[in-house]
Structures are given as structure tokens and as C-alpha cells.
A.B. asks: 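Can you keep this structure in mind? I'll have questions shortly.
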Amino acid sequence: MSETLDSSAPVRVRIAPSPTGDPHVGTAYIGLINYLYARQRNGQFVLRIEDTDRTRFVPTSEQMIFDSLRWLGLAWNEGPDVGGPYGPYRQSERTEIYRAHADQLLASGHAYRCFCTAEKLEADRRQQIAAKLPPRYPGTCRSLTPDEIAAHLAAGTPAVIRMRVPLEGSTTFRDELRGAITFDHHNVDDQVLLKSDGYPTYHLANVVDDHLMRITDVIRAEEWISSTPKHVLLYQSFGWALPRFWHMPLLRNQDKSKISKRKNPVSLIYYRQAGYLPQAVINFLGLLGGGMPADSNGGTEKFTLDEMVTHFRHENIRTGGPVFDLTKLKWLNGEYLRALPSDDFYSALRSTVLADDYLRPIAALIQTRIELLSQFGDLTGFLLNDNTHPPESVYLPKNRTREETLAFAADQLTALESADWQQESIESALKQLGTEKQWSVKENFMLLRAIVTGSTMSPPLVESMVIFGKSRTLDRLRRFLETEKKRPPVK
RNA sequence: GGCGCUAUCGUCUAGGGGUUAGGACGUGAGAUUCUCAAUCUUAAAACACGGGUUCGAUUCCCGUUAGCGCUACCA
């Protein structure tokens, strides 16, 4: 095992979300654990944006991450928006640093250039899988001669830089929650460190940044355990001291799989818009995985972020993955809502479901459709209600079976998930799906209307969906599918 | 398939070599309330399995099983 950081070094931790979409509830969870750790030890909490995957980059994502984490009360000491002594805190602005470090590994022999094409790698992988072998990089470019490399470079062949994992031996590291974990080098792949577009992969960037940013404790999700030996090897190649590693259990869906948007609302935007209070969400997150002594608050399961700072014990974190139980979160939220002073409760309503920004576009939508102002609620109920589950008689099109209808609704969900949330993109995504599956525009939109509004009659559907918001609309679709799946056919 | 991690009520968890294995959510029943919600009372509900170690294992060790994760020029 390698040396660890000087244990007297001031504690510095980080979260490193990727701006690839809506801010994720898992980011908030890991953020909370890091935040508590830093505050308990008078340490620093760093926010770093890991935007090295240019293909999945979503420009609006970063701001949403900032807003959501602040909403929850997780303030960071250093980050892209607040600055700090170890910036820049956006990885896309640090590419020179990664390149220099990759070059250093090239020079020291800990890494090598690889000129294999994506097609070849894919073919290799398929062959290995077919032969029941573990898919690994076959080492084609591992021992290229200087001449061969020069030739490729001269020819301008696109290249990546891979790490040279020792063929023999093993790497052991300590996980603060589980003890020593060992990986045989046979099972550690020659990971790509620098991609052909010049951006680093997570593995290089996170090691380089954690070292340069003086991170003492890497507190991250359990899914990283199997790549930790690569990181340890990298630290060793650079001759750097190791941080402590804490791998948190993964949040789970009801079926125990890793939490996913397909089976659960995971967007923090959703929780905000649906009317969860930040103190309820953060309290609930603190309940998952243990860490709070049961008797620290007189046995209550309700506690504030500050109470967590004083009582939370990282050593007591349970390593089994907790199911993210929406039912319990809702109960907790109700508790907080009821405990609110009535004025605060009213402002909470006014800043969410009755916010001007929300109501104004709704007004525009119904102005031409009413004769009395008091009819407002008649037309907009579905935008103010939480649950609008249509009966089969409403959602089922003539000449369609229940099975094909539910299957199509699931397709609609998939199509909408990847759609940009604007009228035109939503419409074209839906129409394209309709054409593919031979559903008429009318059937298509009517079904969706029934699911989203609970009725066959409503203001313009897509505009309504835009106002209602992506995360809530998709959630409605998901809940519809889920309950219909469980319900036996009525007919 | 390979490697790794994990295992207490349906769910979140407490506990720990000898306990009636505790609490919370949810569920059932009852009380209260004009209704509903809230509230109160109450009930059902768990140590995955097999070997050890031990006077005694749910607790410690090993194995099995199951679940999960990783196995990308994604993070």
C-alpha cells in the first residue's frame, strides 16, 4: 500500500459533477456527505465541474447544478463561480495541465500512445466477448517502436494516450469504510487517459486535479471502487501521496438497481418544482446510509443540516445501498410543511406552484378560451394538481389494445426524455415516433394529452407541457406507466 | 463471463456473543374530528442459507446464494 497524505494536512474535499443534464439527486447526496465532512473538520469544500465529455455536454447544466446545490444549502468554498486559490475549477479550462501531465507519463514510460481506431477496438472487444474472455485492451500499441510512433505521428494518425498498467502484481488500497481492497493487475485495463480530442478522461483529470487542488479525502460513489486501482497507480506514477478514499453506497431504485431516471425522479429540478422543501430533501438524504446516531436528537429522524454537522459520523455510514423511498420523503416533506409558520407556508406556495413566472404563461394559454375569469381553474387544474391519472376509458384510443397503448406511451416517454424541452423539438420528437410506430398524430397526441392532463380536453398540449416543465411531465408519464402496469385490465 | 462490493421487518435504520431484536415510513384495526388530512392507540412484519469458533451465535471466521457495481476515446 502506498503512503497516505500527512494526516495533519487541512481537510479538503470536493464534489465533481458532470454537466450532462439535470442536476442529479446522487450529486446532492455525495455533496452532502462531503459538505458535512469538511464542516466538521474546519476544512474546505470544493466544487469542480467535470466537463471533459464534450459529446454529452449540456450548456445549461452547470448553472442548474449551482442553483440546486445552493437551494439545498450546500455551500462550497471554492468553485467556478466563487473562485479560489486552486482554479480554474472547470476541467475544460485545464486541458493544458492534463496534456502536460500526460506528456510526463509518456516520458516516464507510465503511459503510451495508442493509434488503434475505434472500429478496431470495437471488433477486438466483440471477439473477446464471443470467446468468453474479459474485454480488455489487447495491448496492440503497448510496445510500438520509436520509429513506428514517429511514422504514425508524421502521418497524423489520431491517437490517444493510455496508461501502462503493470502486467504482474496487484494494487491494494484502503477504503475508509471497508478496509483494504485488492485488485490483481490482470484485471486492470490500460485505460485511456487522454482522448483523441485532446480532453482527458475522468481517470487522468480527477487524479491530477485532486492532487493539484490538495484534496485530502476523495468521497465519492461506490461505482468508482473498481477504477480506484487505476487512480492509485496514477498517483504512484507521478510520485504523489494518496488521498483517503471513501466510497459511499449507491442510491437505489425500488428494485435495488442503481438509481436512474427511468425508474425514479432523479432531477433536483423535479423535487424543487414538485414542491419539496430543501430542508426535507437534505434531511432525507442524511437519513440514507446511516451516519446519524439514532439517539442524537432524542430518537427523532428529523434534523437540520446544522444538526447533521454536529452529530453525523462518517465512520458509521452503512455500506449497503439504500433504496430511495419517495413515500418516506413525502412524509418528511409533509412534516416540514405542517411545521412551517403560516406566512412561510404561503410564501412557499407563492414561490413555487403559484409563482408569477409559472402562472403568467398559463394565463396566456387560456385567455382566449374562457368567458369568466373564474373558469381559470377549470382549464388549468392539471397544471396545479399533482396527480391526474386518467381512467382507461379516457386514455385508450379506439382500435388500440391496452398493451400496444401502454407500449406506445413508454415510447413517448423515451422520445421525450431525450428531447430538448421546447415546443418544436417536442413536437418533432413525437411526430417522428408516431410515424415510426404508425400512430396517427391524433392518436399520438390524444394519448399523451390524456396522460399529462387527465382529460381529452385541454389547452394546447405541447405548450402546456413546456410550462409544466420537463421533469414533472416525464414524472407524470412514468407514474402513469407504473400504475397501469400494476393494475389488471379493467375490461 | 471476469473482477469487486454488499446482505436485520416491504422500505430507511438501531443493536450486538446470552435482548420480548428497538424505532421510523408504509400497511391493517380502532379512537378523535361535520368530511378529509393531521393526531393518538394498537396489530402484523426482519437477523438470506450452510459450515465452523464458542457453554452459547443474528453478532466473529469461511463458504454458498442472492443483489448491486465496474468491465468505453462516459463520468
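Basis for what follows: all heavy atoms, side chains included, without hydrogens, waters or symmetry-related copies. Chain identifiers are assigned alphabetically (A, B, ...) following the order of the sequence lines, protein sequences preceding nucleic acid strands; residue numbering begins at 1 within each chain.
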A.B. asks: Could you tell me which nucleotide pairs with U32(B) by Watson-Crick or G-U wobble geometry, both distances under 3.5 Å, or answer none if nothing does?
C.D. replies: none
A.B. asks: Could you tell me how far apart Arg90(A) (CZ) and A75(B) (C1') are, to the nearest whole angstrom?
C.D. replies: 18 Å
A.B. asks: Tell me every residue that passes side-chain hydrogen bond (donor to acceptor under 3.5 Å, both in side chains) with Thr228(A), counting only those two or more places apart in sequence or in another chain.
C.D. replies: Arg220(A), His247(A)
A.B. asks: What residues form a side-chain contact (heavy atoms from CB on, under 4.5 Å) with Ala205(A), not counting sequence neighbours?
C.D. replies: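 If we apply the side-chain contact (heavy atoms from CB on, under 4.5 Å) test to Ala205(A), skipping adjacent residues, the hits are Gln91(A), Tyr98(A), Pro200(A).
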A.B. asks: Can you tell me, in whole Å, how much space there is between the P of A21(B) and that of A45(B)?
C.D. replies: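 These two P atoms come out 13 Å apart once rounded.
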A.B. asks: When you compare A14(B) with A46(B), how far apart are their C1' atoms, in angstrom units rounded to a whole number?
C.D. replies: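 Comparing C1' positions in A14(B) and A46(B) gives a spacing of 13 Å.
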A.B. asks: Quick one: does Phe45(A)'s side chain get under 4.5 Å of Asn34(A)'s, heavy atoms only?
C.D. replies: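 They are in side-chain contact.
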A.B. asks: Can you tell me how far C1' in A44(B) sits from the matching atom in U11(B), rounded to whole Å?
C.D. replies: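 Looking at atom C1' only, A44(B) and U11(B) are 16 Å apart.
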A.B. asks: So Arg12(A) and Asp217(A), do their side chains get closer than 4.5 Å, heavy atoms only?
C.D. replies: no
A.B. asks: Please check if the number of heavy atoms outside Arg99(A) that lie under 6.0 Å from its CZ is greater than 12.
C.D. replies: no
A.B. asks: Could you let me know what G18(B) is paired to, Watson-Crick or G-U wobble, both distances under 3.5 Å, or none if it's on its own?
C.D. replies: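 Pairing partner, where one exists within any strand: C55(B).
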A.B. asks: For Lys258(A) and A75(B), give me the distance from atom NZ to atom P, rounded to whole Å.
C.D. replies: 13 Å
A.B. asks: Just the rounded figure in Å: distance from P of C5(B) to CG of Asp175(A).
C.D. replies: 9 Å
A.B. asks: Can you name the side-chain hydrogen bond (donor to acceptor under 3.5 Å, both in side chains) partners of Lys258(A), sequence neighbours left out?
C.D. replies: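 Result, side-chain hydrogen bond (donor to acceptor under 3.5 Å, both in side chains) vs Lys258(A): Glu223(A).
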A.B. asks: Using the C1' atom as the point on both nucleotides, what is the distance between A66(B) and A57(B), in whole Å?
C.D. replies: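 After rounding to an integer number of Å, I get 22 Å for this pair.
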A.B. asks: If you look only at distance, which donor and acceptor atoms sit under 3.5 Å apart when one is on a side chain in residues 101-111 of chain A and the other is two or more places apart or in another chain?
C.D. replies:
unit_1: His101(A); atom_1: ND1; unit_2: Ile97(A); atom_2: O; d: 2.8
unit_1: Ser108(A); atom_1: OG; unit_2: Gln104(A); atom_2: O; d: 3.2
unit_1: Ser108(A); atom_1: OG; unit_2: Leu105(A); atom_2: O; d: 3.2
unit_1: Ser108(A); atom_1: OG; unit_2: His110(A); atom_2: ND1; d: 2.8

A.B. asks: What pairs with Thr414(A) under side-chain contact (heavy atoms from CB on, under 4.5 Å), at least two apart in sequence or on another chain?
C.D. replies: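 Thr414(A): side-chain contact (heavy atoms from CB on, under 4.5 Å) contacts with Arg262(A).
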A.B. asks: Judged by each residue's nearest nucleotide on RNA chain B, which is more toward the 5′ side, Pro134(A) or Ser226(A)?
C.D. replies: Pro134(A)
A.B. asks: Under 4.0 angstrom, heavy atoms only, what part of the nucleic acid is Tyr199(A) near: base, sugar-phosphate, or nothing?
C.D. replies: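 Here Tyr199(A) touches no strand at all.
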A.B. asks: If pairing requires Watson-Crick or G-U wobble contacts with both distances under 3.5 Å, which nucleotide is the partner of C3(B)?
C.D. replies: G69(B)
A.B. asks: Between Thr380(A) and Leu383(A) (side chain of the first, backbone of the second, donor and acceptor by atom type, cut-off under 3.5 Å), is there such a pair?
C.D. replies: no
A.B. asks: I'd like a table of atom pairs between the protein and nucleotides 27-33 of chain B - only N or O on both sides, under 3.5 Å - with the distance next to each one.
C.D. replies:
none

A.B. asks: Below 3.5 Å between N/O atoms, which protein atoms pair up with nucleotides 7-14 of chain B? Just atom names and distances, please.
C.D. replies:
unit_1: U11(B); atom_1: OP1; unit_2: Lys256(A); atom_2: NZ; d: 3.3
unit_1: C12(B); atom_1: OP1; unit_2: Val323(A); atom_2: N; d: 2.9
unit_1: C12(B); atom_1: O2'; unit_2: Leu287(A); atom_2: O; d: 3.4
unit_1: U13(B); atom_1: OP1; unit_2: Gly289(A); atom_2: N; d: 2.1

A.B. asks: Assess Arg162(A) against Tyr137(A): is NZ or CZ under 6.0 Å from the centre of the six-membered ring, and within 45 degrees of the ring's axis?
C.D. replies: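 Yes, cation above the ring, under 6.0 Å and within 45°.
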A.B. asks: Can you tabulate the close N/O pairs, meaning under 3.5 Å, that link protein atoms to atoms of nucleotides 72-74 of chain B?
C.D. replies:
unit_1: A72(B); atom_1: OP2; unit_2: Arg125(A); atom_2: NE; d: 3.4
unit_1: C73(B); atom_1: O2; unit_2: Ser196(A); atom_2: N; d: 2.8
unit_1: C73(B); atom_1: O2; unit_2: Ser196(A); atom_2: OG; d: 2.7
unit_1: C73(B); atom_1: N3; unit_2: Ser196(A); atom_2: OG; d: 2.9
unit_1: C73(B); atom_1: N4; unit_2: Cys116(A); atom_2: O; d: 3.4
unit_1: C74(B); atom_1: OP2; unit_2: Lys195(A); atom_2: NZ; d: 3.1
unit_1: C74(B); atom_1: O2'; unit_2: Asp53(A); atom_2: OD2; d: 2.6
unit_1: C74(B); atom_1: O2'; unit_2: Arg56(A); atom_2: NH2; d: 3.1
unit_1: C74(B); atom_1: O2; unit_2: Arg56(A); atom_2: NH2; d: 3.3

A.B. asks: If I take atom CG in residue Leu332(A) and atom C1' in nucleotide C25(B), what distance separates them, rounded to the nearest angstrom?
C.D. replies: 9 Å
A.B. asks: So do the side chains of Leu277(A) and Phe345(A) get within less than 4.5 Å of each other, counting heavy atoms only?
C.D. replies: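 Heavy-atom side-chain distance check fails, nothing below 4.5 Å.
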A.B. asks: Atom CG of Asp184(A) and atom P of C3(B): how far apart are they, to the nearest Å?
C.D. replies: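 My rounded result for the distance is 9 Å.
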A.B. asks: Would you mind reporting whether Leu251(A) and Pro322(A) have side-chain heavy atoms less than 4.5 Å apart?
C.D. replies: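 Yes, their side chains come closer than 4.5 Å.
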A.B. asks: For C25(B), which nucleotide is its Watson-Crick or G-U wobble mate, given both distances must be under 3.5 Å?
C.D. replies: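 By the stated definition (distances under 3.5 Å), G10(B) pairs with C25(B).
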A.B. asks: Calculate the interatomic distance between Phe183(A) atom CZ and G69(B) atom P; express it in whole Å.
C.D. replies: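 Taking atom P of G69(B) as the reference, CZ of Phe183(A) is at 15 Å.
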A.B. asks: Identify, between Lys132(A) and Pro17(A), the residue whose nearest nucleotide on RNA chain B lies closer to the 5' end.
C.D. replies: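 Nearer the 5' end of the strand: Lys132(A).
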A.B. asks: Rounded to whole angstrom, note down the C1' distance from U58(B) over to U19(B).
C.D. replies: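 Comparing C1' positions in U58(B) and U19(B) gives a spacing of 11 Å.
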A.B. asks: Look for any protein N or O under 3.5 Å of an N or O in nucleotides 57-66 of chain B and output each such pair with its distance, or none.
C.D. replies:
none

A.B. asks: So which protein N/O to nucleotides 34-44 of chain B N/O distances come out below 3.5 Å?
C.D. replies:
unit_1: U39(B); atom_1: OP1; unit_2: Glu335(A); atom_2: OE2; d: 3.4

A.B. asks: Taking only residues two or more places apart in sequence or in another chain, which ones pass side-chain hydrogen bond (donor to acceptor under 3.5 Å, both in side chains) with Arg90(A)?
C.D. replies: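 Testing Arg90(A) for side-chain hydrogen bond (donor to acceptor under 3.5 Å, both in side chains), a comparison that skips the adjacent residues, returns Glu62(A), Glu93(A).
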A.B. asks: Could you tell me whether Ile181(A) contacts a base, only the sugar-phosphate backbone, or nothing, with contacts defined as non-hydrogen atoms closer than 4.0 Å?
C.D. replies: sugar-phosphate
A.B. asks: Flag the pair Arg48(A) / Glu78(A) as yes when at least one side-chain heavy-atom distance between them is below 4.5 Å, and no otherwise.
C.D. replies: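 SC-SC contact between Arg48(A) and Glu78(A) ruled out.
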A.B. asks: Atom OG1 in Thr52(A), atom CG in Asp197(A): separation rounded to 0.5 Å?
C.D. replies: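 Between atom OG1 of Thr52(A) and atom CG of Asp197(A) there are 8.5 Å.
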A.B. asks: Choose from C5(B), G2(B), C68(B) the nucleotide whose nearest atom is closest to any side-chain atom of Ser257(A).
C.D. replies: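 Between C5(B), G2(B), C68(B), the one nearest the side chain of Ser257(A) would be C68(B).
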A.B. asks: Please measure how far the C1' atom in G26(B) lies from the corresponding atom in U42(B), and state the result in whole Å.
C.D. replies: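 Each nucleotide's C1' atom is 16 Å from the other's.
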A.B. asks: If you measure from the C1' atom in U32(B) to the same atom in G15(B), how many Å do you get, rounded?
C.D. replies: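 To the nearest whole Å, 36 Å.
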A.B. asks: Between Asn187(A) (CG) and G4(B) (P), how many Å, whole number?
C.D. replies: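 It works out to 7 Å between those atoms.
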A.B. asks: What integer number of Å spans the C1' atoms of G69(B) and A75(B)?
C.D. replies: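 Straight-line distance between the two C1' atoms is 14 Å.
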A.B. asks: Just name whichever nucleotide pairs with A38(B), Watson-Crick or G-U, keeping both distances under 3.5 Å, else none.
C.D. replies: none
A.B. asks: Can you check the Phe245(A) CZ to G4(B) P distance for me, whole Å?
C.D. replies: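 That distance rounds to 18 Å.
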A.B. asks: For the residue pair Phe238(A) and His211(A), establish whether any side-chain heavy-atom pair is separated by less than 4.5 Å.
C.D. replies: no
A.B. asks: Who passes side-chain hydrogen bond (donor to acceptor under 3.5 Å, both in side chains) against Arg478(A), sequence neighbours left out?
C.D. replies: none
A.B. asks: Quick check for you: to the nearest 0.5 Å, what is the distance between Phe183(A) atom CZ and Ser170(A) atom OG?
C.D. replies: 11.0 Å
